[in-house]
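Right, one structure below, let's go through it.
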Amino acid sequence: MYIIQLLNDLIKSIIKDKYGVENCEITITKPPEDINFDYAINVAFGLSKILKKNPVLIANELADELKKENKIKEINIEKGYINILLDNEFLKYEIFKIINDKTYFKTNTGQNKKVNIEFVSANPVGPLNVVNGRAAAFGDTLANLLKYSGFDVHKEYYVNDFGRQVKLFGKSIEERYYELHKLKEKAEIPEDGYKGEYLINIAKQIDLDRENTLEEVKNALELKQLHDIEDFFKTYGINYVLNWQKTTLENFGVQFDEWFSEKSLYENNEVENVLNILKEKNLIIEEDGALWFDTTIFGDDKKRVVKKADGEFTYFAGDIAYMNNKFKRGFDIIINILGPDHHGYIKRLEAIVKALGYNENCVKIIILQQVNLLQKGEKLKMSKREGRLVLLDELIDTVGKDAARYYFVMRNPNSHLDFDIELAREQSDKNPVYYIQYAYARICNIFNFATEKHIFVEDYDFQEIDFSKLEKEERRIITFLLDLPAYIDEAAKKFSPSFFVQKIYELVTIFHFFYNKYRVISNDDKITTLKRLLIMKALRISLYNCFKIIGITPKENM
RNA sequence: GUGCCUGUAGCUCAGCUGGAUAGAGCAAUGGAUUUCUAAUCCAUUGGUCGGGGGUUCGAAUCCCUCCAGGCACGCCA
């Protein structure tokens, strides 16, 4: 249990015993900088409303009770706020725990609940672009935050390997293949097909992978096995692109637990089955030869086609089966991270959940707003089919994985993100990610220096280390570390990686300030040296954990 | 037309479940290194929180309205 929780419970029990009040909101924050206390408790205002009593009076009464707690050294009341200072021995004990307890930053808020988090899920028809990068960085960080706060997290990528898009994609490769081998003078790419140059590479790669392909294709053409040919190119293309995407994501530090195939939903009759369930509930309407799911009953503004008049299922039909499948696998929380063009989709997904009789509160849909790509200040229009887009691969190459991940995760999902490619390249050494990495490197260097001087804080029993004097900056670092689990919990609860990143930045700022003001290792003051080394050790471990959560490299040298 | 998102310092943004004097970075100006990495630190300049109304002890935050920008709107994915 972390300190904020502890204080919270303590105050709760005091106001219950003293005033009989149970549901009063307690806010515990950091006081403004000029106030030399560790925490500020804002509860007297709320209580004064309930008790019709002067807030300062209440604060004083609460302070008298709080003084009995041995973790608290000092209390001061100002404008109704209760400011408290923690006991130094208690702080030392916590630092000791951070260093020795590997689970210090993990909480059990999630109670091991099963979470399915689906993100990126780009169509397997082309490489990932920077927009997918935003989803990847956001989703992965959120997943890590949830893991730390005690959820059992399953990261999933939905592969749209079924339907019209992949069909067109396969056809486009097929045409490129004919062109390559002069079976046709020029590739006849379908109107809505894929014109990107990478398709030519895919066509070339086929021959490198499989020696007899050309012959097989020619034979099949003679035998008019057109369906088989189509299927071959489609399957090959999807696999090629999936491997590409996987490699890109791995370079970006993102790994999925499962790549879920849309096609499998059809092969296992899950789509048919789930539509039958809806039919039984009279939610399916037949109109103009097509089948519609009447989502308007559940708050959508229009009904949606699930099976077209030509007999083909829509993408939405697969989504219904997919959602059903997720619930059947026993997930308690289902998170779906979508792009900005999908905001109209929220109502539809909610309709699915309600129609199938599941608890709608289990589903959380997060819309990531648009990424505008700017080049020299001008907006780039992106289109996959035209093949004009900035690849995530390129971005990783030019600015690096760490900077890219940090950049994506530092803004909140609602903000439209302007991504200036030139600027991102130029700014590589101005990117704030270096600021936080530099802090880690500096700490590592302190320990290198200590080693040179043959000072090893590990050699000392922690009883021997003296915490009776703590500078303001030292206290700020220590209390910040104690609050990290709370921040992780809060970020997970808010689904807000950006909140967490800001906290890391804050912590690092405090460190840099401290570093400039004080020396950790001094020749003539062993007591202070040991105390500071101990704090630095805890800080290093803490930062290491933070970096792991947001997926950036803790560099020991810069 | 309807729905969703956004509007905060010159620029990019944080803060939005109401609470102490609205914060960072970049840019601009001035300063800090005999001693653990200056990719750092300190100071200064910069704000009618899009406009207007309302709710209350208190509003950037909640409600209403208007303005501006972006995105999406039934046989598409």
May I ask you to evaluate whether Asn414(A) reaches the phosphate of rC4(B), defined as a side-chain N or O under 4.0 Å from OP1 or OP2? no
Tyr266(A): what forms a side-chain hydrogen bond (donor to acceptor under 3.5 Å, both in side chains) with it, not counting sequence neighbours? none
Using a cut-off of under 3.5 Å, enumerate the N/O to N/O pairs linking the protein to nucleotides 28-34 of chain B.
none

Gap between atoms CG and C1', on Asn160(A) and rC76(B) respectively (whole Å): 13 Å
How is Arg348(A) classified with respect to the nucleic acid when contacts are heavy atoms under 4.0 Å: base, sugar-phosphate, or nothing? base
Tell me every residue that passes ring pair (Phe, Tyr, Trp, His ring centres under 6.0 Å) with Phe169(A), counting only those two or more places apart in sequence or in another chain. Tyr194(A)
Is there a side-chain contact between Asn412(A) and the phosphate of rA14(B), meaning an N or O under 4.0 Å from OP1 or OP2? yes
Starting from P on rC36(B), measure out to NZ on Lys453(A) and report it in whole angstrom. 9 Å
What dot-bracket string describes RNA chain B from 5' to 3', counting Watson-Crick and G-U wobble pairs whose defining distances are under 3.5 Å, with [ ] for crossing pairs and | for pairs to another strand? (((((((..((((.....[...)))).(((((.......))))).....(((((..]....))))))))))))....
For rG74(B), glycosidic torsion class - syn if within 90° of 0, otherwise anti: syn
Would you kindly compare Ala40(A) and Arg411(A) by the position of their nearest RNA chain B nucleotide and give the one closer to the 5′ end? Arg411(A)
Rounded to whole Å, the OH-C1' distance (Tyr345(A) to rG74(B)) equals 12 Å
When you get a sec, tell me which of rC41(B), rC76(B), rC36(B) is the closest nucleotide to the side chain of Gln165(A)? rC76(B)
Which label fits Phe480(A) and Tyr487(A): parallel for a plane angle under 30°, tilted from 30 to 60°, or perpendicular past 60°? tilted
salt_bridge(Lys326(A), Glu118(A)) N-O dist < 4.0 Å: yes
Indicate, with a heavy-atom threshold strictly under 4.0 Å, whether Asn83(A) touches base, sugar-phosphate, or nothing. base
Sugar-phosphate, base or nothing in reach of Tyr315(A), heavy atoms under 4.0 Å: base
Side-chain N or O of Arg442(A) closer than 4.0 Å to phosphate OP1/OP2 of rA38(B): yes
Can you list the residues that meet the side-chain hydrogen bond (donor to acceptor under 3.5 Å, both in side chains) rule with Thr553(A), with sequence neighbours excluded? Asp402(A)
Would you call Tyr435(A) stacked on rU40(B), i.e. ring centres under 5.5 Å apart with the planes less than 30° off parallel? no
May I have the distance from Trp292(A) (atom CH2) to rC75(B) (atom P), rounded to whole angstrom? 6 Å
Which part of the nucleic acid, if any, lies within reach of Phe316(A) when heavy atoms closer than 4.0 Å are counted: base, sugar-phosphate only, or nothing? nothing
Heavy-atom nearest nucleotide on RNA chain B for Glu490(A) versus Ile446(A): which residue maps closer to 5'? Glu490(A)
Length of the CE-C1' vector between Met558(A) and rA38(B), whole Å: 13 Å
Across all chains, not counting sequence neighbours, the side-chain hydrogen bond (donor to acceptor under 3.5 Å, both in side chains) partners of Asn516(A) are none
Output the rounded distance in Å from NZ (Lys503(A)) to P (rG23(B)). 14 Å
What's the CZ-C1' distance between Arg134(A) and rC13(B), to the nearest Å? 12 Å
Determine whether a donor-acceptor pair (one donor, one acceptor, N or O, separation below 3.5 Å) exists between the side chain of Asp192(A) and the base of rA77(B). no
Roughly, in whole Å, what's the span from CE in Met410(A) to P in rC26(B)? 11 Å
Pair Thr479(A)-Lys30(A), side-chain donor/acceptor within less than 3.5 Å: yes
Should Phe138(A) and Phe119(A) be marked as a ring pair (Phe, Tyr, Trp, His ring centres under 6.0 Å) after you check the CA-CA gap, both sets of side-chain angles, and the distance that decides it? CA-CA 9 Å; Phe138(A) 180 90; Phe119(A) 55 106; 8.7 Å; no
Between Phe260(A) and Tyr322(A), does the ring centroid distance fall short of 6.0 Å? yes
Please determine whether the number of non-hydrogen atoms from other residues, nucleotides or ligands lying under 6.0 Å from atom CZ of Phe456(A) exceeds 12. yes
Pairing of Asp483(A) and Lys503(A) as salt bridge, 4.0 angstrom limit: no
For Tyr440(A), which contact category applies under a 4.0 Å heavy-atom criterion: base, sugar-phosphate, or nothing? nothing
NA contact type, Asn523(A), heavy-atom cut-off 4.0 Å: base, sugar-phosphate, or nothing? nothing
Is any side-chain N or O of Lys347(A) closer than 4.0 Å to OP1 or OP2 of rC73(B)? no
Is Glu473(A) touching bases, backbone alone, or none of the nucleic acid, heavy atoms closer than 4.0 Å? nothing
